[in-house]
Amino acid sequence: MTYIIIWQYDIVPSARDIFERIYQGDGDWAALFRQSADYLSTQLLRDLAQPDRYMTLDYWRTAGAFEAFRQGYSAAYEELDRRCAELTVTEVLVGSFERDDY
């Protein structure tokens, strides 16, 4: 199984370049997540119909691994989250999912 967390963002249009740099698969969030050996990857998706809407898919080995990361790196996580707040109009947790790895 793979644990996937999906977020949806409506961004400030003038912040597009910064947002994409920070949220892409090799951006600031992924750099933070890579502190955990259980982090797998991040995908950044842009909505074709609404170009200021994005989704991120963060892949982890297990839900427990992500929770352990959040506890161990809570200060760094919260600091990066605060830094990114001005880039978005809305931020919504779509949900947490499991994928069978066949």
Side-chain angles (χ1 to χ4, degrees):
M1 293 291 226
T2 299
Y3 179 67
I4 305 164
I5 305 163
I6 301 176
W7 288 91
Q8 177 181 305
Y9 304 90
D10 290 309
I11 67 162
V12 174
S14 61
R16 179 180 317 282
D17 291 342
I18 297 168
F19 177 87
E20 288 180 354
R21 182 174 42 81
I22 291 173
Y23 285 83
Q24 66 189 356
D26 61 353
D28 295 7
W29 279 106
L32 175 62
F33 295 158
R34 279 194 300 275
Q35 302 302 309
S36 170
D38 292 310
Y39 166 72
L40 301 173
S41 67
T42 292
Q43 290 181 305
L44 176 63
L45 308 174
R46 186 169 52 124
D47 189 327
L48 294 176
Q50 298 179 50
D52 294 331
R53 177 164 292 162
Y54 289 79
M55 298 187 83
T56 57
L57 289 77
D58 299 318
Y59 295 83
W60 292 80
R61 291 191 195 286
T62 65
F66 174 72
E67 290 306 320
F69 168 81
R70 279 294 310 262
Q71 289 177 9
Y73 290 86
S74 62
Y77 188 102
E78 296 304 323
E79 173 58 29
L80 184 54
D81 194 47
R82 273 192 299 279
R83 218 171 28 116
C84 295
E86 65 190 28
L87 305 175
T88 61
V89 177
T90 60
E91 176 180 341
V92 176
L93 175 61
V94 174
S96 301
F97 301 85
E98 286 186 334
R99 178 184 75 192
D100 283 330
D101 295 327
Y102 298 101

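For this chain, numbers begin at 1 and follow the sequence in order. Keep in mind that the numbers below use all heavy atoms, side chains included, and drop hydrogens, waters and symmetry copies. All of these numbers come straight from a predicted model, not from anything done at the bench.
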R99 versus I4, closest heavy-atom pair with distance: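 Heavy-atom minimum between the residues: CB-CD1, 3.9 Å.
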Shortest non-hydrogen separation from G25 to A30 and the atoms involved: O-CB, 3.1 Å
Any non-hydrogen side-chain atom of [X] less than 4.5 Å from a side-chain atom of [Y]?
X	Y	result
T62	D38	no
T2	E98	no
D58	W7	yes

Hey, could you give me the [atom1]/[atom2] distance between [X] and [Y], rounded to the nearest 0.5 Å?
X	Y	atom1	atom2	value
T56	Q43	OG1	CD	10.0 Å
F33	T42	CZ	OG1	5.5 Å
E78	Y73	CD	OH	15.5 Å
I11	D17	CD1	CG	9.0 Å

Applying the 4.5 Å side-chain criterion to the ILVMFWY set and letting contacts propagate, would [X] and [Y] be lumped into a single cluster?
X	Y	value
Y77	L44	yes
L45	I22	no
Y23	I18	yes
I5	M55	no
L40	F66	no

W60/F69 aromatic ring centres below 6.0 Å: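 Here the rings of F69 and W60 have centres that are less than 6.0 Å from each other.
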Between Y54 and F19, does the ring centroid distance fall short of 6.0 Å?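 Distance test on ring centres: under 6.0 Å, yes.
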With a 3.5 Å cut-off and no angle check, do the side chains of Q50 and D52 form a donor-acceptor pair? no
Please tabulate, for side-chain N and O atoms in residues 80-95, each donor-acceptor pair with protein atoms closer than 3.5 Å (sequence neighbours left out).
| from | atom 1 | to | atom 2 | distance (Å) |
| --- | --- | --- | --- | --- |
| R82 | NH2 | E79 | OE1 | 3.2 |
| R83 | NH2 | D28 | OD2 | 3.2 |
| T90 | OG1 | D10 | OD2 | 2.8 |

Would you confirm whether R16, through its side chain, and P51, through its main-chain N or O, come within 3.5 Å as a donor-acceptor pair?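 Looks like yes, one N/O pair under 3.5 Å.
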